[in-house]
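Quantities reported herein were computed from a predicted structural model and do not represent experimental measurements. Start at 1 with the first residue, then count along the sequence.
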Amino acid sequence: MTSPQRADRDETAHENELRGWTEGRTPAGAVKIREAVDARDALARALTRAGIQLPAMDVRTPWRDASASDGEDAPDCARAARYALVHLGVCSSSVAHALAAVIARGAGR
């Protein structure tokens with residue numbers, strides 16, 4: 001169980017991470033990044049409950065960093081905010097086997 005102080009610290013770190021990724025982006029791009037970060041965190045919590053940790057999970061933006069303040073025209077900025085990806089990173093073969101076993105158990109329900 002986490003302490004209230006740790007929960008506050010984790011929330012502050014999460015907000016700082018989001019702010020770093022979303023500042024200067026179009027509103028739609030910021031929403032997509034928030035969605036991806038939330039999905040990454042939900043997946044990390046689920047994997048932790050299953051006893052699995054993917055140490056390199058991250059969020060990636062596959063579009064060129066652009067904002068209206070960069071002097072770009074509006075269509076380029078709008079196109080830039082299509083989606084963000086949850087990058088699962090790399091893991092050892094033992095973690096991959098554990099992940100496959102958890103997925104297989106879940107699929108068998």
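Of all heavy-atom pairs spanning P55 and V90, the tightest one is CD-O, 4.3 Å. A84 and K32 make their closest contact through CB-O, 3.7 Å (heavy atoms, listed as atom of the first residue, atom of the second, distance).
Distance check, rounded to the nearest 0.5 Å: CD1 of I52 to CG of L99 gives 5.0 Å. Between the CZ atom of R40 and the CG atom of L47 there is a distance of 12.5 Å, given to the nearest 0.5 Å. Here L85 contributes atom CG and D58 contributes atom CG; the two are 11.0 Å apart, rounded to the nearest 0.5 Å.
Residues M57 and L43 are in side-chain contact: their nearest non-hydrogen atoms beyond the backbone lie under 4.5 Å apart. Under the 4.5 Å side-chain criterion, counting only non-hydrogen atoms from C-beta, V31 is not in contact with I33.
Annotation: side-chain hydrogen bond (donor to acceptor under 3.5 Å, both in side chains) contacts involving residues 94-104, sequence neighbours excluded, comprise S92-S94.
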Could you walk me through whether T48 and Q53 satisfy the side-chain contact (heavy atoms from CB on, under 4.5 Å) test, starting with their C-alpha distance in whole Å, then the side-chain angles of each, then the deciding distance to 0.1 Å, before giving a yes or no?
CA-CA 6 Å; T48 298; Q53 180 181 3; 5.7 Å; no
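Side-chain heavy atoms closer than 4.5 Å link hydrophobic residues (I, L, V, M, F, W, Y) into clusters, and following such links, possibly through other members, connects I103 to V95.
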